[in-house]
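These numbers come from a predicted model, not from an experiment.
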Amino acid sequence: MRLGASFFGLIWLSATFAACGGDDGDGGGGNSGASCVPKSDACYVSGPTGPGASCLAKFDNTGSDVWQGRINQITVKRPDVLSSKFVHDAILDRGIFLNQPECFEQGEGTFSWLFEFNRTTGKMRTGGSLPVKDPKAGGCFLTMTTTALPVAPISVDVTFDPDGLGFTATDIDVVVPIFNTPDDTSNPILLPLHKVELKGAFSDDTHNCIGKHNGETLDPSLSCKGDFNDGQRPFTTGANLKGYIRVDEADKVFIDDIGATLCAYLAGITQWSGPNKDCASSDKWKAGERPNGDWCAATNAPFDANCKDAWILEGDFSASAFKINGDCP
């Protein structure tokens, strides 16, 4: 699994990136005036006052017992090395945000994590998708065989609060593909997550939004992205996720632009990057040591003296209704 420019690209250029100026206040897409509320119909399923408008939904779940959606923002809290402003600006947001400057989203749509809640069966289906090129046309659940790990959607039990808005789904083992570019689907980055818990609530009974877009409070002079260091984000989150990635699997994820695996990056390149630029070829690994993960995979609990073979991944997310066209052809 190799992490290319669309995921961990330019990792060592964070200072340069932070110093660069942003886009002008109209997001480059024809929204005039000092406002971060999109005006284009392309940003909404049914106009700026229609269902799901508060989160820029591209589909309408109103009246259905099956609620389809796509995560539209993740804010990582742990591990610390992935929680920086640069990682979000240049990596996560770039992959998750759509390529819709008129909606103040200037991403690539290469990191699509989909979900489908079925209130009747009490099941949730979740998994990755191909890159999103036409947001209103939607996406599909991707199944593909790779040399590292299989990619496929998974169905799990989900519980709903009595109001039908709150939800909890647990024990999700999922491999999320992250593509290098919108046009390159041959060799995705694979993010293997274990025992993921998703917990949150829909914003209202249309089930179109988890969280909301902050267009009314965002600053056009900051390209309508908000000041990350002050906790401002394009979307207010409405749910959280928690899972872990194993040390051994992180060592299979090679980051081209820093010349090392995710294991070495998380554990500390100066100590853990061996001749093959991975943890396994380092002198410490060969001597029987292992990186100090902060989680134990066997118990799915914080590490102890006998088990520290994983890193926790924890963060908040928002999502909006998004058409899912079944399984990818």
Check whether more than 12 heavy atoms from other residues, nucleotides or ligands sit under 6.0 Å from atom CG of Asn276, and answer yes or no. yes

Neighbour count above 12 (heavy atom, 6.0 Å) for Lys136 NZ: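 More than 12 within 6.0 Å, yes.
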
Sidechain-backbone polar pair: Ser203 side chain, Cys209 backbone, donor-acceptor under 3.5 Å: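 Flag set: sc Ser203 to bb Cys209 pair under 3.5 Å.
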
Counting only N and O atoms by type, is there a donor-acceptor contact under 3.5 Å from the side chain of Asp316 to the main-chain atoms of Asn240?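 Side chain of Asp316 to backbone of Asn240, a donor-acceptor pair under 3.5 Å: no, none is there.
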
Between Phe59 and Trp67 (judged by ring centroids, cut-off 6.0 Å), do the two rings come close enough to count as a pair?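 Between Trp67 and Phe59, which both carry aromatic rings, the centre distance is not below 6.0 Å.
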
Verify the ring-centre separation between Phe317 and Phe235: is it less than 6.0 angstrom?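 No - the distance between ring centres of Phe235 and Phe317 does not fall below the 6.0 Å cut-off.
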
Minimum heavy-atom distance between Lys77 and Ser83, given as atom pair plus value: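 In this case the closest contact between Lys77 and Ser83 is O-CB, 3.8 Å.
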
Smallest separation among heavy atoms of Ala169 and Met124, with atom names: CB-CE, 3.9 Å

Shared hydrophobic cluster for [X] and [Y] (ILVMFWY, side-chain gaps under 4.5 Å):
X      : Y      : result
Val37  : Leu218 : no
Phe111 : Leu241 : yes
Phe97  : Phe228 : no
Leu193 : Tyr244 : no

Do you see a donor-acceptor pair shorter than 3.5 Å between the side chains of [X] and [Y]?
X      : Y      : answer
Asn208 : Asp60  : yes
Glu116 : Gln68  : yes
Thr206 : Asp204 : yes

Test salt bridge (charged side-chain N to carboxylate O under 4.0 Å, His left out) on Glu314 and Lys242; report intermediate values, then the result. CA-CA 4 Å; Glu314 188 172 10; Lys242 180 180 178 182; 5.1 Å; no

Is any NZ, NE, NH1 or NH2 atom of the basic residue among Asp183 and Lys133 found under 4.0 Å from an Asp or Glu carboxylate oxygen of the other?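 So Asp183 pairs with Lys133 through a salt bridge.
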
Would you call Asp93 and Arg233 a salt bridge, using N to O less than 4.0 angstrom?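 Counted as a salt bridge, because a side-chain N and a carboxylate O are separated by less than 4.0 Å.
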
Once side-chain hydrogen bond (donor to acceptor under 3.5 Å, both in side chains) is applied, what residue pairs with a partner in residues 291-304 remain, sequence neighbours excluded?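 Every pair satisfying side-chain hydrogen bond (donor to acceptor under 3.5 Å, both in side chains) with a residue in residues 291-304: Asn292-Lys308, Trp295-Asn300.
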
Tell me, please, whether Trp285 has Arg290 positioned over its six-membered ring: NZ or CZ under 6.0 Å from the ring centre and within 45 degrees of its axis? yes

Angle class for the Phe115/Phe202 ring planes (parallel below 30°, perpendicular above 60°, tilted otherwise)?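 Rings of Phe115 and Phe202: perpendicular, as their planes differ by over 60°.
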
Criterion side-chain hydrogen bond (donor to acceptor under 3.5 Å, both in side chains) on Asp278 and Ser281, from CA distance to verdict: CA-CA 6 Å; Asp278 61 358; Ser281 65; 2.5 Å; yes

Checking one residue: Phe141. Which other hydrophobic residues are in its cluster under the side-chain 4.5 Å linking rule?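 Reading the cluster by chain and number, Phe141 sits alongside Leu98, Leu114, Val132, Phe322, Ile324.
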
